[in-house]
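Heads up: the structure comes next, in structure tokens.
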Amino acid sequence: MAARRRVLPGFGLGLGYTLAYLGLIVLLPLSALAWKASGIGVAGLLHLLAAPRTQAALRLSFGGALLAALANAAAGLLVAWVLVRYRFPGRRLLDALVDLPFALPTAVAGIALTALYAPNGWLGQALMEHLGVKVAYSRLGVVVAMVFVGFPFVVRTVQPVLATLDREMEEAAESLGARRWQTFARVILPMLAPALLTGFALALARAVGEYGSVIFIAGNIPMRSEIAPLLIVQKLEAFDYAGAAALGVVMLGFSFALLAALSLLQRWSRRWAEQPA
Amino acid sequence: MTLELSRLSRRFADFAALDDVSLDIAPGEFLALLGPSGSGKTTLLRILAGLDHPDAGSVRLDGRDFLATPARSRKVGLVFQHYALFRHLTVAENVAFGLRVRPWRARPKRAEIAARVEALLQRVQLEGLGRRYPAQLSGGQRQRVALARALAVEPGLLLLDEPFGALDAQVRVALRRWLRELHEDLGLTTVFVTHDQEEALELADRVAVMNRGRIEQIGAPGTVYQDPATPFVCEFIGKVNRIPLAREDGMLGAAGWTPGRDPWRGGQARATAYVRPEHLALGVAGDRPGWQAQVRHVYLAGSVAHLELDVQALAQTLEADVASEDLARLGLRPGLGLRVAPRRAVVFPAGSGGDRWVWQADEAVVAV
């Protein structure tokens, strides 16, 4: 088979670097984690998983992250829409504000959110009095912190796709008799779906791994508002390194499964872009 | 359905896209809007589709206000220049779109939609490609999908924006003929926008020539070509030689040649004669009015040959067309000297107060 000629050569070198880099940055630490975790053995792992406290923490970490990513997908889509489709004074400022959750140290974000939503903070007090909703020191607080740190992802993935979306497709839909919501649901949303799913996956991954901001607002009540990363830190502080690593591996496994499923869904959502076989 | 467009104006910032345009479109007519880019033709099309709205003027359909009808209820089939196909839907889903978005009561049954899509794909010669995505089709195929999608809603008016603009020359000519046949089959009122005069002349029943937001002339292709109403139409449609005329001894003429008559009776000091390349007689006898010319280039373009003739007396280069079989017979080659004279010209006075004059030579001035 003759080698295919390319405009930019360097496939061999490029792939070599990529593999070496990924191995060093991603695979090596993860294998060290797995190796460390193997210290507790299968029985130890099962025992760890069977513990109600572990289960509650994992449920909160993943359930909360899913809810937060869903909230971010909806809000992010709306924000991206407003930033791309409308021209108004202050648009650029608003656009810059979107990235702030990334720039802030997460602990600062956690403290700020806690101050705001605590029973004596200004939002927390009002919510408690009028709606009877307790945000800080509850599971809701965990989700709020997760929404905050994952917010920019969906906006930033959807924005460029929305900006390059062919407006004539919307006009074609209208001229074919589609109502506005039909144009949105049948034309715009499917075109945005791949980017939306990418943003959702990133926000989800970020929320699952979030530690700094969550522990301040969560209150960390065992079985109620305790996240899995906190359990890991607690095990470390108790010098249970193998246990901490094992819990880490479990989280890794769940995350990987979720992200793989999302990736498959993403591929399906852009099946139309594939070239003829 | 007769469409009456009356006094339409549309401005974008300080640019007048449409400036007091009035036009009637008869049922079943095939109308071309022809003009250079920025002449307002696409704006006019978008107004008919309901995607844009005029600042002033009205559009009436059988006497009813068409502008008050929202785009989705106008029953207008629109084919975009770049097709605007739904990339995430298959060809069949694209065609079915207009039927599927109908309210539940008016929506045909699934099987009926499938049958109609199949029939339409057959009509546009795309049977068997229903399951492909637009990305997997050629330009000509996409164009026909866009057409099938527009026809699926059974429109009363078909609008095409530069329908052949993005296609290569061969596909373009084939699709043109095919579209003309389709129009004869369906009898659907069709308006298409083009900047290609050949396309407009070949396809349309009537051509509206647009310039700077106004309609310069509207008429049958033959009329617009043979009897252009304004200098712009002369220059925009087909190739034309522009020869300035001035009064010499009381007669309008240029470097010894004169049309021989004077419709303005000495009223105009200057005028411009527009002469089509095929209306330039070659090899004019020495005792007839004409200009001495030298062949500079011969371009053979299939059945016709284009000549570039240097005329020193006019200090300009004229273009002349001859049948390519005449090339050898007349011994036409670069460097050859010969006498030329117009056979037919459209003359526009330079000043106001005079009408356009279509001039025809009295007798055969041609020596060939």
Side-chain angles (χ1 to χ4, degrees), chain A residues 73 77 80-81 84-88 154 157-200 262-277, chain B residues 42 45-46 48-52 69-91 93-104 106-107 129 131-138 141 145-155 157-159 161:
Chain A
L77 180 61
W81 182 271
V84 171
R85 287 293 168 99
Y86 304 113
R87 291 290 168 272
F88 51 92
V154 174
T157 51
V158 169
Q159 212 176 5
V161 181
L162 192 57
T164 54
L165 206 61
D166 184 5
R167 292 293 279 273
E168 286 193 341
M169 280 207 291
E170 291 160 46
E171 294 182 337
E174 193 191 356
S175 144
L176 288 167
R179 282 157 198 289
R180 282 176 193 163
W181 62 267
Q182 286 175 316
T183 303
F184 182 77
R186 286 171 177 264
V187 178
I188 298 171
L189 208 53
M191 296 303 296
L192 294 181
L196 200 58
L197 280 168
T198 303
F200 179 80
L262 278 171
S263 163
L264 280 178
L265 194 61
Q266 208 242 16
R267 219 169 111 179
W268 176 82
S269 75
R270 42 176 296 117
R271 64 204 178 284
W272 46 269
E274 269 161 43
Q275 287 307 304
Chain B
T42 297
L45 200 75
R46 289 175 59 83
L48 288 180
L51 300 174
D52 200 348
T69 316
R72 65 167 170 274
S73 321
R74 284 196 189 181
K75 293 222 135 212
V76 160
L78 177 60
V79 177
F80 288 85
Q81 181 175 6
H82 301 291
Y83 319 136
L85 293 177
F86 305 124
R87 289 200 299 266
H88 60 292
L89 299 180
T90 62
V91 167
E93 287 166 339
N94 261 284
V95 177
F97 187 91
L99 300 173
R100 288 199 180 146
V101 295
R102 282 192 185 166
W104 182 74
R107 193 183 314 156
L129 297 183
R131 302 187 61 165
R132 296 243 190 126
Y133 285 100
Q136 301 166 333
L137 301 179
S138 72
Q141 289 171 330
V145 175
L147 194 61
R149 182 178 70 175
L151 291 175
V153 295
E154 296 175 320
L157 175 65
L158 185 63
L159 304 175
D161 189 3

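Worth knowing before you read on, the calculation uses all heavy atoms, side chains too, and leaves out hydrogens, waters and symmetry mates. Quick note on labels: first sequence line is chain A, next is B, and so on, each numbered from 1.
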(request) Would you mind reporting whether Leu129(B) and Val145(B) have side-chain heavy atoms less than 4.5 Å apart? (result) no
(message) Do Leu78(B) and Leu51(B) make a side-chain contact, defined as non-hydrogen atoms from C-beta onward lying under 4.5 Å apart?
(response) yes
(message) Report which part of Val76(B) has an atom under 4.5 Å of a heavy atom belonging to chain A: side chain, backbone, both, or neither.
(response) backbone
(request) To the nearest 0.5 angstrom, please state how far the CZ atom of Arg149(B) sits from the CG atom of Leu99(B). (result) 12.5 Å
(message) Once rounded to the nearest 0.5 Å, what's the spacing between atom CZ of Arg74(B) and atom OG of Ser175(A)?
(response) 10.0 Å
Report the option among [options] that has the most heavy-atom pairs separated by less than 4.5 Å from atoms of chain A.
options	result
Ala71(B), Pro155(B), Pro134(B), Pro70(B)	Ala71(B)
Phe97(B), Tyr83(B), Phe80(B)	Phe80(B)
Arg100(B), Arg87(B), Arg132(B), Arg46(B)	Arg87(B)

(request) For Trp272(A) and Ser269(A), indicate whether the former's side chain and the latter's backbone hold a donor-acceptor pair under 3.5 Å. (result) yes
(message) At a 4.5 Å cut-off on heavy atoms, which part of Arg167(A) comes close to chain B: side chain, backbone, both, or neither?
(response) neither
(request) Select all residues of residues 187-197 of chain A having any heavy atom within less than 4.5 Å of some heavy atom of chain B, and report them by number, or 'none'. (result) Val187(A), Pro190(A), Met191(A)
(request) Report the residue from Arg186(A), Arg85(A), Arg180(A), Arg179(A) that forms a salt bridge (Lys or Arg N to Asp or Glu O under 4.0 Å) with Glu170(A). (result) Arg85(A)
(request) Count the heavy atoms of every other residue, nucleotide or ligand shown that sit under 6.0 Å from CZ of Phe88(A), and state whether that count exceeds 12. (result) yes
(request) Taking salt bridge (charged side-chain N to carboxylate O under 4.0 Å, His left out) as the test, write out the residues that go with Arg131(B), two or more places apart. (result) none
